[in-house]
Amino acid sequence: MQIAISGNIGAGKTELTKLLSKHYGYKAVFGPSEENPYLNSFYEDMRRWSFNMVVHSLYANVKQLAELQASGESFVRARSLYDDAYIFAPNLHDMGLMSDRDFKNYSDLFDTMISLVKLPDLMIYIRSSIPNLVQQIQKRGRDFEQSMRMDYLKGLNDRYEEWIKDYKGHLV
């Protein structure tokens with residue numbers, strides 16, 4: 001069983017992952033995003049580092065999912081593979097922070113890599129308001145998130161709402 005939890009930055013994915021994994025006895029998995037060597041640079045200069053950041057994130061997420069799925073263990077994962085491809089990368093592109101060429105390259109790479117992993121059995125989407133997200137982000141105090149642009153966070157929220165309307169898998 002593979003459960004993915006999707007939602008904006010600061011929505012509560014980590015806490016819900018911990019609760020569900022404890023309740024069901026599934027492995028709790030946290031995306032490798034904090035290990036992304038481009039993350040700090042990205043928040044300092046989004047235009048320069050957006051492509052590097054999303055490509056590394058895609059690689060690390062597909063690698064992690066492939067390893068988890070090969071193990072046969074049931075798991076709850078705080079973030080879905082869709083978040084990068086349908087939320088983060090398009091938001092950067094729409095904001096003018098990723099070129100058309102880089103966005104097309106990323107999208108083509110995603111389309112190829114998605115075939116290497118199984119999609120989640122269940123997707124849980126956490127909806128949150130911008131003020132709540134900001135409060136949660138400030139509360140957890142990650143240095144690299146403190147300079148996050150509000151238009152970036154709002155753009156992500158808007159994209160999540162649009163994406164979830166059309167999601168075709170099993171959703172809670």
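No side-chain donor from either of Tyr59 and Gln64 sits under 3.5 Å from a side-chain acceptor of the other. In this model, no donor atom of one side chain and acceptor atom of the other lie less than 3.5 Å apart for Asp84 and Tyr106.
The shortest distance between side-chain heavy atoms of Arg79 and Val29 does not fall below 4.5 Å. At a threshold of 4.5 Å between non-hydrogen side-chain atoms, the residues His56 and Leu39 do not count as touching. Taking the side chain as every heavy atom from C-beta outward, Lys18 and Thr14 approach each other to under 4.5 Å. In this structure, Asp121 and Ile3 have side chains that are not in contact, with every pair of non-hydrogen atoms separated by 4.5 Å or more.
The distance from the CG atom of Asn8 to the CG atom of Leu156 is 5.0 Å, given to the nearest 0.5 Å. Atoms CZ and CG, on Arg77 and Leu20 in that order, are 15.0 Å from each other to the nearest 0.5 Å. Distance check: Asn157 CG to Ile130 CD1 gives 4.0 Å after rounding to the nearest 0.5 Å. Here the NZ atom belonging to Lys27 is positioned 9.0 Å from the CZ atom belonging to Phe75, to the nearest 0.5 angstrom. Separation of atoms OH (Tyr38) and CD (Glu44) is listed at 14.5 Å; rounding is to 0.5 Å. Between the CG atom in Asp166 and the OH atom in Tyr86 there is a gap of 11.0 Å [rounded to 0.5 Å].
The heavy-atom pair separating Trp163 from Ser80 by the smallest distance is CH2-OG, 4.5 Å. Counting all heavy atoms, side chain and backbone alike, Ile9 lies closest to Phe88 at CD1-CE2, 3.9 Å. The two residues Ser41 and Trp49 have their closest heavy-atom pair at O-CD1, 3.3 Å. Contact record, Met53 with Asn36: O-ND2, 3.1 Å, taken as the closest heavy-atom pair. For the residue pair His93 and Ser99, the shortest heavy atom distance occurs at CD2-O, 3.7 Å. Here the closest heavy-atom approach between residue Ser6 and residue Met123 is recorded as CB-SD, 3.6 Å.
Judged as a side chain to side chain donor-acceptor pair (under 3.5 Å), and not counting sequence neighbours, the contacts of Lys63 are Glu67. Every residue two or more places apart in sequence or in another chain that forms a side chain to side chain contact (heavy atoms under 4.5 Å, CB included) with Ser50 is listed here: Phe42, Leu92, Met98. For the side chain to side chain donor-acceptor pair (under 3.5 Å) test, no residue two or more places apart in sequence or in another chain qualifies with Asn91. With sequence neighbours excluded, the residues satisfying side chain to side chain donor-acceptor pair (under 3.5 Å) with Ser128 are Asn132. Listed by chain and residue number, Arg159 satisfy the side chain to side chain donor-acceptor pair (under 3.5 Å) test with Asp94 (two or more places apart in sequence, or in another chain).
Hydrophobic clustering (side-chain heavy atoms under 4.5 Å, transitive across Ile, Leu, Val, Met, Phe, Trp, Tyr) groups Met1 together with Val76. The hydrophobic cluster containing Tyr24 also contains Leu122, counting ILVMFWY residues as joined when their side-chain heavy atoms lie under 4.5 angstrom apart, directly or transitively.
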Can you give each donor-acceptor pair under 3.5 Å made by side-chain atoms of residues 109-117, sequence neighbours left out, with the distance rounded to 0.1 Å?
| from | atom 1 | to | atom 2 | distance (Å) |
| --- | --- | --- | --- | --- |
| Thr112 | OG1 | Asp108 | O | 3.2 |
| Ser115 | OG | Thr112 | O | 2.6 |

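Here the side chain of Glu73 pairs no donor or acceptor atom with the backbone of Tyr26 at under 3.5 angstrom.
Note: Tyr167 and Tyr82 meet the aromatic proximity criterion, with ring centroids under 6.0 Å apart.
Checking Val62, Val55, Val54 one by one against Leu58, the side-chain contact (heavy atoms from CB on, under 4.5 Å) holds for a single residue, Val62.
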